[in-house]
Structures are given as structure tokens and as C-alpha cells.
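The structure displayed is predicted, hence computed values, not measured ones. We number each residue from 1, following the sequence as shown. In each ligand, atom 1 is the first atom listed, and ligand 1 is the first ligand listed.
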Amino acid sequence: MKLLTFLVALPAVTLALQPKAEYRDLPTLRKQDELEKRWVQKRYDFIPSVLKKHGYDAWILSMREYAEDTAFRSLVSSTTTFSARRRTLFLFHTHPEVENPLYLIDNTEDLWHTLNKTLERIDPKKIAVNIDENMSFSDGLHTGEGQLLLSKLGPKWASRTSSHRAIGVEVVAARVGGEEQLGMYKLMMENVWAMVAEGFSEKVVKAGETTAEDLEWWFRDVMRWRIGTGTWFPPSVSIYRSPSEPSVSEHPAMREGDMLHVDIGITAMNMNTDTQHLGYILRANETSPPVGLLKGLEAGNKLQDLVRNRMVPRRTGDGVLKDVRGDMDKKGLKGLIYSHPIGDYGHSAGALIGMTNLQDSVPGGGQNTVLKNYWTSIELSAETYVPEWGVDQLFPLEEDVYWDNETEGFEWVFGRQTEFHLVKPKHKKSAGVALAEGKSGLVAAAARWMGLQVVRWV
Ligand SMILES: *[C@@H]1O[C@H](CO)[C@@H](O)[C@H](O)[C@H]1NC(C)=O
Ligand SMILES: *[C@@H]1O[C@H](CO)[C@@H](O)[C@H](O)[C@H]1NC(C)=O
Ligand SMILES: *[C@@H]1O[C@H](CO)[C@@H](O)[C@H](O)[C@H]1NC(C)=O
Ligand SMILES: *[C@@H]1O[C@H](CO)[C@@H](O)[C@H](O)[C@H]1NC(C)=O
């Protein structure tokens, strides 16, 4: 309410709509494959610069069907290549005149001869292999495969191999597809938002009937059958309820006055999304959630801004975490920070910024640096006291950001939640909502525009 007053009082400089999402078609699978192949080619073109940056001349990835290297999925189109075949070997290098990568699929000795001949031409002084104690993105060389590779390389080349963590990490982390890939990611994200908005509405939630599990399976079906994507984790729905009400374990059906939470992501074109939003089921006498809950979401938004602004390329994840915790202390904000890179993997390569149980430093991932051409899931929860419930409540939120070349900063992929999704049980329906569900598209669109668009700070 207060914020709507600001809209009237101030020019529209800092105001923005929380974006309204629609379900939108993804490209055909044939087109998706075409896109992915272009992005894979760009990654091939990018790899020599990573090798040079770290003082290497070559990088060998060797694997067998179903025992793929962790970086494999970053080197093929996920729409048409599901696994390695036979023995699959990539040799990336920095020699300008030799085919790059050398990409072999074979299960005979010929493969090793070809590799050897190519190495003779390139004469790399330093060859990277993916072996790392703590970082899965740089540890894709299976033990047996590695033993064989070293024996087949022979002493000359084997003695030039070493592992270098940053190579696997930076190659998997790189979002090389430019505007085209970002556009597809935004499209996926809009579908996630549309799905959450529908799931957290009276169209799907029936107070007194729907359980968290019902809604989880509803989301699974919508992403598979309506949006046409898979996922990298099953969506989870939680119910937060005032302790003065019957407990969720005894009364699992959603009730008026419940706060809803969802953690949900989809997978397509070898990209993954990760989103957490909050919803609220209005009581008969309410037109908005209790102020205590609104304040919790607001505190979550403040934490999101701190993380987004402190994510500076080349800073380590631990460094960002330290800066954010310092800001939180200064501003008197409580909560947990547990943000992670997202891309070819849901929990992808790059800088981890906290974990739920680690708020000082994260071994391994905390020492990785924030990169450019890179995406992160800003995942966290604010903790505030909710007077209406008489408890300290966590407000978990998650929203993905991408590196924007123009603003030189990390920006929200589709937007970020500043408003609760509202479930308005039947008795609560306003004229606007009733019209929006009517038959006439024009009337419905107008009603949605007038009645349901809500303006908030972003
Ligand atoms: C891996 O992590 C362990 C435990 O944090 C640490 O002792 C070890 O030095 C790390 N290894 C490498 C290669 O970084
Ligand atoms: C690699 O090829 C060179 C000649 O090109 C040869 O001298 C050497 O024995 C070969 N090594 C292996 C392990 O086959
Ligand atoms: C950002 O700039 C880099 C370097 O010029 C370019 O490779 C990349 O495609 C750009 N990213 C986007 C999303 O346009
Ligand atoms: C709405 O009704 C509930 C009881 O159902 C009551 O606890 C609450 O204070 C009321 N809220 C408002 C805003 O009147």
C-alpha cells in the first residue's frame, strides 16, 4: 500500500514492474540442436585462450561410453549427444595450424597412434589432464582411463602432463553463446515464472485440500508436458504456518494464512535454471499477507541486492561472502547466503558464495573466482521476526543473474520476486479476478492489466 503511494508521488525513475510471465514456446528440438551446436563451437574456439591464460599448450580429455568426463556435456549438444561412444578423446591445444580439437571416437590402437602423431606435430610443453582432489569439474578423468592414457602417452608426453584446476572450471563455467544463448535462458526463466504464478494461485491450490506433495507433482507435469523440459532436481514445495495453527505434519493440506515456498528449476539446451519464490493464501478478511511476512520478503530482497552488488569478477566466492556478511552486520540483516554458479550444471563450475552450513569460507568452490560471461543463482534466506506469528521466520529466495556487458554488472535473468504470489480462495475473489477467468480474452486481458498488475520497487 505504502509503495503504491510512492508511485503517485515520485517520477518513474526507480520504479519497475515485477515482470509478468507467460508460458512461451521453446524452439523445436531440431532448432535447439542447431543452437547448441553453435554454442559448443564457440566454446571450442574459446578453450585455447583458457589454456594460454594458465600456461598450457594442450588439454586431453579421454573417456568411455557411460564413464564420461565431467566436462563432456559442455563439449557436445545435449539434444543429440547423450553419452560418449566407445573411447572418446578430445585434444584441445594452442597450435594455430592443427585441427582443434582433435576429436576421436574409436576402440582400437589407431586412436593412440593418431593422438601420438598429433602431439608430435604440436609439441606441447605442458599438457593438462582432469585430475583434482576437490573439484569435480576438473576431475573428470576416471582412474582406469587415466592409467591407460598415461601408459599410452609414453614417457615423453606423460612427463609433460599435469592437472590444473582452473581449466576445467573455467571451460565449464563459460557462457559463450552471447545474446542468443541468454535469450533462450530468459525464455526458459519466463516459463518457470509463469509456472510458479499459476501453481501458487487459486487455479491450482484449493485451501483445505491441496498438499505440498500434490503441488510438487503438478509442477513436474507442467514442466514435462506443458513447457516441454526436464529438470535437474525434483521441485520441492513447503508450507510455513503460524504456530498458533494446527501443525503442517498433522494437517498437511494448505490452509488460509499459509506461506508457501517452492524451489524449482528446469533443464533444456544444456542449460539449467534454479528459482525459489514465496506465495501466500489469503484469509477471508485479508487483501494482502500480514505485514510481518511482507517485511521478511523485503529483507530477502535487500540480501539479494547485497550479493548481486558484491559479485565482482575476479573476486573469490569467499571474498564476496565476507563482503556480504560485513554489509549484513552493518545493516542489521540476519540470514544465510548460499549462492552458486549455474549453467551446464545446476550447481555449476565457479565461485561458491557460502553454503547453508558454511558462512565464512567454502573449501574448494569458495576459492574459485567470479567470472565474466557467467551466471549465478543468488540463493539465500533472510531471517526476520514475524510478530503476527510470534516466531523468527526464514524467507528463502533464489533468483538467477547473468553478467551484462553493458551495465558491467550482474542482472536478473527475468526479474526478481518483490511481491508474494497470492492464492485468493473463492470467497475472496475480486471483480478483476472473476473477469480475468471469464470467456472474453479482451475483457480478461484488460481486467488483468487493471486489477492484477501490482507495482513495487525493484
Ligand atoms: C582438498 O581439500 C582438502 C580439505 O579441505 C585439503 O586438505 C587439500 O589440500 C585440498 N587439495 C587440493 C589439491 O586443493
Ligand atoms: C610416437 O610417435 C613417435 C614418432 O612420431 C615415435 O617415435 C614414438 O615411439 C611414438 N610413441 C608412442 C608411445 O607410440
Ligand atoms: C559479452 O562480451 C563478450 C566479449 O566481447 C562476448 O563474447 C559475449 O558474447 C557478450 N555477451 C553477451 C551476452 O552478449
Ligand atoms: C483476520 O482473521 C483472523 C482470524 O481468522 C485474525 O486472527 C486476524 O487478526 C484477522 N486479520 C485482519 C487483518 O483483520
For ligand 1, which of its N or O atoms have a protein N or O partner closer than 3.5 Å, and how long is each gap?
residue: ligand 1; atom: 2 (O); partner: Asn134; partner atom: OD1; Å: 3.2
residue: ligand 1; atom: 2 (O); partner: Asn134; partner atom: ND2; Å: 2.2
residue: ligand 1; atom: 11 (N); partner: Glu133; partner atom: OE1; Å: 3.1
residue: ligand 1; atom: 11 (N); partner: Asn134; partner atom: ND2; Å: 3.0
residue: ligand 1; atom: 14 (O); partner: Arg165; partner atom: NH2; Å: 3.3

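Residues Ser288 and Tyr280 have side chains that never bring a donor and an acceptor to within less than 3.5 angstrom of each other. Between the side chains of Asn357 and Tyr338, not a single donor N or O lies within less than 3.5 Å of an accepting N or O.
For Arg175 and Tyr402, the positive end is not near the middle of the six-membered ring at less than 6.0 Å and at most 45° from its axis.
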Sequence neighbours left out, cut at 3.5 Å: what donor-acceptor pairs do the side chains of residues 387-394 make with other protein atoms?
residue: Glu388; atom: OE1; partner: Gly292; partner atom: N; Å: 3.3
residue: Glu388; atom: OE2; partner: Val291; partner atom: N; Å: 3.2
residue: Glu388; atom: OE2; partner: Gly292; partner atom: N; Å: 3.1

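Residues passing the ring-ring contact (aromatic ring centres under 6.0 Å, His included) test with Phe414 are Trp193, sequence neighbours excluded.
For residues 312-325, every residue pair satisfying the side chain to side chain donor-acceptor pair (under 3.5 Å) rule, not counting sequence neighbours, is listed here: Arg315-Asp323, Asp318-Ser361, Asp318-Gln367, Arg325-Gln359.
Residue Asn285 has at least one heavy-atom neighbour below 4.0 Å for each of these atoms of ligand 4: 1 (C), 2 (O), 3 (C), 8 (C), 10 (C), 11 (N), 12 (C), 14 (O).
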